[in-house]
Amino acid sequence: MPGYNGYLIKIGGSSGAVFPMQFIKLEGYDITPNQRMESEAKRTVTGLLVRTTTEHTATKIEVKTPVVTDKDVHAIMGLLGNAWTSVIERKLDLEYYDMETGEYKTGTFYMPDIKFQIDHIDGNVVYYKDITFKFIEY
């Protein structure tokens, strides 16, 4: 039976590791599932839109963390590092909860570069402002 099963995303596909919920700022979790893609889109001389939509859809997921420490960042990067199917492309499989269908789906994604911004430093601990991890399906 479809439905939420206690996690939003698994790094490495269905047998992978759950992205820890304490590292997900819930109001910063954005998903656009099943995005339609056009192989062609144009307007007729009368202004009517004519679209040729592909069968394949793509999902985009953004996971924003709360303020985290360098130790937390290294834990997240370790999960990602264990899941790369291509390090150079930052390519990996994810299982994610598709809120549109109420089911878990698996797909192959790439992760664009990450921006790190320091919030403050306390002794030997670096605290980072919200970090956004983006995943874009192939």
Side-chain angles (χ1 to χ4, degrees):
M1 176 171 183
Y4 179 72
N5 197 23
Y7 62 93
L8 294 171
I9 189 169
K10 279 187 178 179
I11 306 296
S14 59
S15 62
V18 171
F19 196 107
M21 293 298 286
Q22 74 264 27
F23 297 144
I24 299 175
K25 188 179 205 178
L26 291 183
E27 65 273 15
Y29 184 86
D30 294 317
I31 181 170
T32 308
N34 311 309
Q35 294 178 93
R36 278 37 175 199
M37 295 182 286
E38 314 322 321
S39 60
E40 182 179 6
K42 60 185 175 184
R43 294 211 176 257
T44 65
V45 293
T46 61
L48 179 66
L49 178 63
V50 179
R51 298 169 51 205
T52 305
T53 305
T54 65
E55 298 243 354
H56 176 70
T57 61
T59 294
K60 180 180 169 187
I61 302 170
E62 293 186 13
V63 179
K64 187 176 282 187
T65 70
V67 172
V68 290
T69 67
D70 49 351
K71 182 179 175 184
D72 299 333
V73 170
H74 292 148
I76 296 168
M77 295 308 294
L79 285 174
L80 294 168
N82 289 333
W84 298 132
T85 56
S86 170
V87 174
I88 193 78
E89 294 178 77
R90 284 193 172 160
K91 182 177 177 182
L92 72 166
D93 294 327
L94 299 177
E95 181 181 72
Y96 61 94
Y97 181 60
D98 180 341
M99 295 165 185
E100 181 178 2
T101 64
E103 299 175 321
Y104 283 92
K105 293 184 177 174
T106 302
T108 300
F109 291 75
Y110 72 92
M111 188 180 80
D113 294 337
I114 307 162
K115 178 182 175 181
F116 298 96
Q117 187 176 14
I118 294 175
D119 184 72
H120 68 281
I121 298 174
D122 185 6
N124 291 331
V125 181
V126 178
Y127 290 84
Y128 295 93
K129 292 187 178 188
D130 302 351
I131 299 169
T132 302
F133 294 89
K134 297 178 184 179
F135 303 100
I136 301 166
E137 191 170 17
Y138 273 80

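The backbone N or O of Val68 lies less than 3.5 Å from no partner atom in the side chain of Asp72, so there is not a single donor-acceptor pair. A donor-acceptor pair is defined here as one N or O able to donate and one able to accept, closer than 3.5 Å; such a pair exists between the side chain of Asp98 and the backbone of Thr101. Remark: the backbone N or O of Lys10 is not paired with any side-chain donor or acceptor of Tyr7 at under 3.5 angstrom.
Atom OH of Tyr127 and atom CG of Asp119 lie 10.0 Å apart (nearest 0.5 Å). The CD1 atom of Ile31 sits 11.5 Å away from atom CZ of Phe135, with the distance rounded to the nearest 0.5 Å.
The minimum heavy-atom distance between Lys115 and Ile131, with the atom names listed, is O-CG2, 4.1 Å. When all heavy atoms of Ile114 and Arg90 are compared, the pair lying nearest together is N-NH1, 3.8 Å.
Of the candidates Phe109, Tyr138, Trp84, Tyr138 is the only one forming a side-chain contact (heavy atoms from CB on, under 4.5 Å) with Lys91.
Partners of Thr44 under the side-chain hydrogen bond (donor to acceptor under 3.5 Å, both in side chains) rule, at least two apart in sequence or in another chain, are Thr46. Applying the side-chain hydrogen bond (donor to acceptor under 3.5 Å, both in side chains) test to Asp70 and every residue at least two apart in sequence or in another chain returns nothing.
At a cut-off of 3.5 Å, with distance as the only test, a side-chain donor of Tyr96 or Thr59 sits close to an acceptor on the other residue. Side-chain contact of Asp130 with Thr65: a donor-acceptor pair under 3.5 Å is absent, judged by distance alone. Tyr110 and Glu137 are not linked by any side-chain donor-acceptor pair at a separation below 3.5 angstrom, with hydrogens and angles left out of the test.
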Q: Start with the C-alpha gap between Phe19 and Leu94, add the side-chain angles, then the distance that decides, and say whether side-chain contact (heavy atoms from CB on, under 4.5 Å) holds.
A: CA-CA 10 Å; Phe19 196 107; Leu94 299 177; over 6 Å; no
Q. What's the verdict on side-chain contact (heavy atoms from CB on, under 4.5 Å) for Ile76 and Leu80, showing C-alpha distance, side-chain angles and the deciding distance?
A. CA-CA 6 Å; Ile76 296 168; Leu80 294 168; 4.2 Å; yes
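In the displayed structure, Gln22 atom CD is contacted under 6.0 Å by more than 12 heavy atoms of other residues, nucleotides or ligands. No more than 12 heavy atoms of other residues, nucleotides or ligands sit less than 6.0 Å from atom NZ of Lys134.
By the criterion of side-chain heavy atoms lying less than 4.5 angstrom apart, applied directly or through intervening Ile, Leu, Val, Met, Phe, Trp or Tyr residues, Phe116 is grouped together with Val63 in one hydrophobic cluster.
Ring planes of Tyr97 and Tyr104: tilted class, angle from 30 to 60°.
Under the 4.0 Å criterion applied to side-chain N and carboxylate O atoms, Lys64 and Asp30 are not assigned as salt-bridge partners.
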